[in-house]
Amino acid sequence: QRAEQLGIGTAFLSERFNYKDAAVMAGAAAAVSTKLGIANAATNHATRHPIVTATMAATMNRLSNGRYALGLGRGFDMLFDLFGVPRITNAQLVDAFELLRKLWRGEKFGHDGPVGKYPYLFMMGDTVEHIPILMVAIGPKSVQLAGRIADAVVLHTYMTDESVARSVASIRRSAQEAGRDPDSVRV
């Protein structure tokens with residue numbers, strides 16, 4: 001509520017496997033706000049079944065009247081290793097983005113790709129969801145990938161002005177090389 005009063009446009013909510021859940025945090029923000037954009041920055045695709053992630057985001061999108069953006073990222077390899085979760089690759093992120101968008105378009109399909117093998121995936125109902133997917137990007141490869149696939153990019157908090165400028169230029173260049181409007185990717 002205070003963020004809305006201050007005129008803040010979006011709250012970016014992080015997730016930690018062993019401390020706080022992205023869906024619960026986003027639901028709490030939606031419950032006490034009416035204008036604030038709500039984004040997870042970020043969760044990852046490897047700890048939830050794709051249907052669970054797609055349904056969570058679609059539910060949040062409806063609950064918030066379209067104010068929600070799903071944020072995905074690679075996470076931290078050392079933490080994944082400790083918890084026994086497979087490390088995330090860029091190929092998996094590309095696959096996850098495509099898979100989620102297909103589900104939100106109402107497609108029904110089998111899937112066999114970098115994020116896993118699923119005999120049949122679909123979401124209930126006939127509603128097409130328009131949910132932005134943002135990507136948290138830190139290194140040069142993830143910044144370039146984000147420019148190719150993401151609707152928005154969240155950069156690391158502690159970057160220098162020069163690093164931010166380089167990253168934004170890389171995102172714009174990667175988007176253009178992918179045939180996308182570089183200005184359509186929010187940073």
Going by atom types alone, do [X] and [Y] pair a side-chain donor with an acceptor below 3.5 Å?
X	Y	result
N61	R67	no
R2	Q5	yes
N40	Y68	yes
S167	S170	no

Can you tell me if [X] uses its side chain to pair, donor with acceptor, with the backbone of [Y] under 3.5 Å?
X	Y	result
T55	V52	no
E107	F122	no
E4	S33	no
W104	A54	yes
R148	A175	no
S184	D181	yes

Which heavy-atom pair separates [X] from [Y] by the least distance, and what is that distance?
X	Y	result
A150	F97	CA-CE2, 3.7 Å
V32	Q1	O-CG, 3.0 Å
P182	R172	O-NH1, 2.9 Å
H111	L121	CB-CD1, 4.1 Å
I38	S64	CD1-CB, 4.4 Å
A137	A146	CB-CB, 4.3 Å

Indicate yes or no: at least one non-hydrogen side-chain atom of [X] is less than 4.5 angstrom from one of [Y].
X	Y	value
P86	F80	no
L103	F109	yes
F12	L134	yes
H45	I88	yes

Same apolar cluster (I L V M F W Y, side chains within < 4.5 Å links), [X]/[Y]:
X	Y	answer
L70	V153	no
V185	V164	yes
I138	L93	no
L100	I51	yes
V24	M60	no

Can you measure from [atom1] ([X]) to [atom2] ([Y]) and round to the nearest 0.5 angstrom?
X	Y	atom1	atom2	value
I8	T10	CD1	OG1	9.5 Å
Q144	I149	CD	CD1	12.5 Å
R74	M135	CZ	CE	7.5 Å
R166	R173	CZ	CZ	11.0 Å
I133	E98	CD1	CD	10.0 Å
N44	R87	CG	CZ	14.0 Å

Side chain to side chain contact (heavy atoms under 4.5 Å, CB included) between L72 and V136, worked out | CA-CA 6 Å; L72 295 178; V136 175; over 6 Å; no

Heavy atoms from other residues, nucleotides or ligands near [atom1] of [X] exceed 12 (cutoff 6.0 Å):
X	atom1	answer
R105	CZ	yes
Q176	CD	no
K20	NZ	yes
F76	CZ	no

Give the intermediate values and the outcome of side chain to side chain contact (heavy atoms under 4.5 Å, CB included) for residues M159 and T157.
-> CA-CA 6 Å; M159 294 175 80; T157 307; over 6 Å; no

From CA spacing to verdict: side chain to side chain contact (heavy atoms under 4.5 Å, CB included), K102, L99 | CA-CA 5 Å; K102 285 173 68 172; L99 189 150; 5.8 Å; no

R101/D151 ion pair, N-O < 4.0 Å =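 Yes, this pair counts.
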
Taking 4.0 angstrom as the limit, do R48 and E15 come out as a salt bridge?
->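 Here R48 pairs with E15 in a salt bridge, since their nearest N and O are under 4.0 Å apart.
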
Evaluate the side chain to side chain contact (heavy atoms under 4.5 Å, CB included) criterion for residues L155 and V143: first the C-alpha distance (whole Å), next the side-chain angles of each, then the deciding distance (0.1 Å), finally the verdict.
-> CA-CA 8 Å; L155 298 173; V143 165; 4.2 Å; yes

Do we get K108 above Y120's six-membered ring, with its NZ or CZ under 6.0 Å from the centre and within 45° of the axis?
->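 No, K108 does not sit over the ring of Y120.
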
